[in-house]
2 protein chains.
Amino acid sequence: MTQLGNVTPLFQDLAKVEHEHNLACQECSLYRLCLPLGLHNNDLIQLDKIIKRSQSYSRGQPLFSTQTPFNSIYVVRSGSFKTTVSAVDGREQVTGFYFPGEFVGLDAIYEQAYRSNAKALESSSVCELPFDILQELGTNMPQLQVQMMSRLSKELSGDKSLMFLLGKKTAEEKLATFLLSISRRFQDRGFSAREFQLSMSRGDIANHLGLAVETVSRLFSRFQDEGLIEIHNKSISIRDSEKLKALCG
Amino acid sequence: MTQLGNVTPLFQDLAKVEHEHNLACQECSLYRLCLPLGLHNNDLIQLDKIIKRSQSYSRGQPLFSTQTPFNSIYVVRSGSFKTTVSAVDGREQVTGFYFPGEFVGLDAIYEQAYRSNAKALESSSVCELPFDILQELGTNMPQLQVQMMSRLSKELSGDKSLMFLLGKKTAEEKLATFLLSISRRFQDRGFSAREFQLSMSRGDIANHLGLAVETVSRLFSRFQDEGLIEIHNKSISIRDSEKLKALCG
DNA sequence: TTGTTTTATTGATCCAGGTCAATGCATTAA
DNA sequence: TTAATGCATTGACCTGGATCAATAAAACAA
């Protein structure tokens, strides 16, 4: 067994460091990645008041599904989540993975109903933002509205890139792109870009990239043989990020 | 040559009916599909003032590209557009088709730079919304902000469906889904859901659905043989929308 | 601990849809 | 009208990645 897991803590470990994630926005280590960024101190205190904190979810537990009445959007506080859209025949598409500071449930705003399902990938926690109160708050807090729009737009442009990936990239390019995307997001959160734990299964990765599990498994093995990565179960170490970048297309 | 083209006018013809598309929001036939929906009369007049109208584009002309400095978002007024994201190696993914009342350029807000390219598919016109002024206007017009967020969220949930399509659907399901999506959008705009003109090429359709042109062509022929549709060049007539719906998966 | 279930890996085979090639048909230009 | 160009259709063939099958190795439960 490799020791990678000890080198870079899982997101859930960060939560523990933060006194069981009870910190207000002002003291939260996610501040610069999160919604409150750019709010004036007064506004921040207002926003802080409406947030329901310390909601915890264990591995596999749903945050919401298309059956859940829509009341809130969520920001990941620790851990990670996946979202899926599914058809009546049971087919599912993993539409995204969400890490601390990222919003989940934004696609529900238009229909005022969740259009996807969200599940915790590991022990995780969220900040819950009751949408009607958030809306109300936005009425006399334009900076908050700007932030929200900005977030929605960011997810939109990420989705367009994903469309390119799904429609035009080869299996190899898809997996290389995925690895570097995860790596970058770890880095943005102050973790190592080189060594981390994948919280999602091979099945989730494959599904998200429009591939079969077997293909992902084979590619991981090949990337390892070629010295691009070292992988053992969920522990990944990026060995040659330049070559990996070159494979992204 | 079939007469379908005379049964249902192209969107560009609608524009002519509207006195060369110089109408203000209040009189615009797109009102109920567009941004101003739900604004109070006073606010509407304000919004109306900042809109640059009557911008016309001919077939193939770019509305913006990733090279264009970001200043505005656009609403299609007549005609239609496609957006693409492209890689350095020249590969392109058609990320969407846009019809009257639909927003183009929303994914630019986050980076304050266009992340995709937009091109007119036929003679078309847009309403241009200078983004900084729109933002400013939103400051004391919460209803406008709500509308904008709603629009962003709508596009988001459309993109998730498209991810499912790209990642999980068969070629047949993809094309059936595409046809019904276009049909529904024509209907929403007061046109026939059964007979209409496709403004995009087979190549654009194929690209958008993650297929080869040849596959799209073969499927159109098969759908016609099976009595689901009648197609002649760009004129389409939906013959059995129920069976088509059953093919969507 | 031991059994049970889930997840991952690896090999062998297959097929949906891509690629290549030839031809037909529209649209545009002169 | 004719020529030129680009888009669409159809057929023949091929391949990247799916599917099927067999183990192996984790994760979990009792």
Side-chain angles (χ1 to χ4, degrees), chain A residues 1-2 4-5 10 58-61 82 91-94 119 121-123 165-178 197-225 229-236 247 249, chain B residues 1-2 4-5 10 58-60 82 91 93-94 119 121-123 165-178 197-225 229-236 247 249:
Chain A
M1 175 53 185
T2 140
L4 290 182
L10 285 173
S58 52
R59 184 167 137 64
Q61 200 181 340
K82 70 170 173 183
R91 277 182 295 181
E92 267 199 346
Q93 171 75 26
V94 173
K119 259 197 176 131
L121 291 169
E122 58 190 304
S123 294
L165 177 144
L166 287 168
K168 296 293 172 301
K169 290 194 178 185
T170 64
E172 182 179 85
E173 292 170 332
K174 285 174 176 180
L175 195 62
T177 306
F178 169 77
Q197 303 265 334
L198 296 171
S199 57
M200 65 294 289
S201 70
R202 302 287 191 272
D204 287 336
I205 297 171
N207 183 308
H208 182 52
L209 302 177
L211 298 172
V213 205
E214 293 91 331
T215 306
V216 168
S217 199
R218 274 185 257 272
L219 281 171
F220 272 149
S221 301
R222 226 189 66 206
F223 283 179
Q224 181 156 244
D225 292 347
I229 62 172
E230 209 157 291
I231 185 164
H232 189 264
N233 301 322
K234 310 225 150 181
S235 304
I236 278 240
L247 288 185
Chain B
M1 175 56 184
T2 142
L4 291 181
L10 284 173
S58 52
R59 183 165 138 64
K82 69 170 173 183
R91 278 181 295 181
Q93 171 74 26
V94 173
K119 259 196 176 131
L121 291 169
E122 57 190 304
S123 295
L165 177 143
L166 287 168
K168 298 289 172 301
K169 289 193 178 185
T170 65
E172 181 179 87
E173 291 170 333
K174 285 175 175 179
L175 194 62
T177 306
F178 169 78
Q197 302 266 334
L198 296 171
S199 56
M200 66 293 291
S201 69
R202 301 288 191 271
D204 287 336
I205 297 170
N207 183 308
H208 183 52
L209 302 177
L211 298 171
V213 205
E214 293 92 330
T215 306
V216 167
S217 199
R218 273 184 256 270
L219 281 170
F220 272 148
S221 301
R222 226 190 67 206
F223 283 178
Q224 181 156 245
D225 292 348
I229 62 172
E230 210 157 290
I231 185 163
H232 189 264
N233 302 322
K234 310 226 151 183
S235 304
I236 280 242
L247 287 185

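In this text, all values refer to a predicted model and were calculated from it rather than measured experimentally. Letters A, B, ... are given to chains in the order of the sequence lines, protein chains preceding strands, and every chain is numbered from 1.
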Between [N] ([atom2]) and [X] ([atom1]): distance, integer Å:
X: Arg202(A); N: dA25(D); atom1: CZ; atom2: C1'; result: 12 Å
X: Lys169(B); N: dA18(D); atom1: NZ; atom2: C1'; result: 20 Å
X: Gln224(B); N: dT9(D); atom1: CD; atom2: C1'; result: 12 Å
X: Asn233(A); N: dA26(D); atom1: CG; atom2: P; result: 5 Å
X: His232(A); N: dA26(D); atom1: NE2; atom2: C1'; result: 10 Å
X: Leu219(A); N: dG17(D); atom1: CG; atom2: C1'; result: 10 Å
X: Arg222(A); N: dG16(D); atom1: CZ; atom2: C1'; result: 12 Å
X: Leu175(A); N: dG16(D); atom1: CG; atom2: P; result: 17 Å

So where does chain B start and stop touching DNA chain C, 5' to 3', when the test is distance under 4.0 Å to a non-hydrogen atom? dG17(C) to dA26(C)
Do Leu121(A) and Asp204(A) have side chains that approach each other closer than 4.5 Å (heavy atoms only, starting at C-beta)? yes
Using a 4.0 Å heavy-atom cut-off, does [X] contact any base of the nucleic acid, only the sugar-phosphate backbone, or nothing at all?
X: Gly210(A); answer: sugar-phosphate
X: Ser217(B); answer: base
X: Ala212(A); answer: base

Nearest nucleotide by nearest heavy atom, which residue falls closer to the 5' end of DNA chain D, Met200(B) or Arg218(B)?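 This one resolves to Met200(B).
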5'-most contact on DNA chain D: Lys234(A) or Lys174(A), nearest heavy atom basis? Lys174(A)
Least distance between heavy atoms, Leu165(A) atom then Lys174(A) atom: O-CE, 3.3 Å
Quick check: closest heavy atoms across Leu166(B) and His208(B), and the distance to 0.1 Å?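 So the two residues come closest at CD2-O, 3.7 Å.
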Please determine whether side chain to side chain contact (heavy atoms under 4.5 Å, CB included) holds for the pair Lys82(B) and Ser199(B), giving the CA-CA distance in whole Å, both sets of side-chain angles, and the decisive distance to 0.1 Å. CA-CA 10 Å; Lys82(B) 69 170 173 183; Ser199(B) 56; over 6 Å; no
Report yes or no: does [X] contribute a side-chain atom to a donor-acceptor pair with the main-chain N or O of [Y] at less than 3.5 Å?
X: Gln224(B); Y: Ile231(B); value: yes
X: Asn207(A); Y: Glu92(A); value: yes
X: Ser217(A); Y: Val213(A); value: no

Quick one: on DNA chain C, does Glu172(B) or Thr215(A) contact a more 5' nucleotide (nearest heavy atom)?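 Mapping each residue to its closest nucleotide by heavy atoms, the 5'-most match is Thr215(A).
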If an axis is fit to five pairs at each end of the helix from dT1(C)-dA30(D) to dA30(C)-dT1(D), what is the angle between the two, to the nearest 10°? 60°
Any salt bridge between Glu214(B) and Arg202(B), counting N to O under 4.0 Å? no
Would you call Arg91(A)-Glu173(B) a salt bridge at under 4.0 Å N-O? yes
Walk me through it: do Glu230(B) and Ile236(B) pass the test side chain to side chain contact (heavy atoms under 4.5 Å, CB included)? CA-CA 6 Å; Glu230(B) 210 157 290; Ile236(B) 280 242; over 6 Å; no
Any side-chain N or O of Arg59(A) under 4.0 Å from OP1/OP2 of dC28(D)?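 Yes, because at least one side-chain N or O of Arg59(A) sits under 4.0 Å from OP1 or OP2 of dC28(D).
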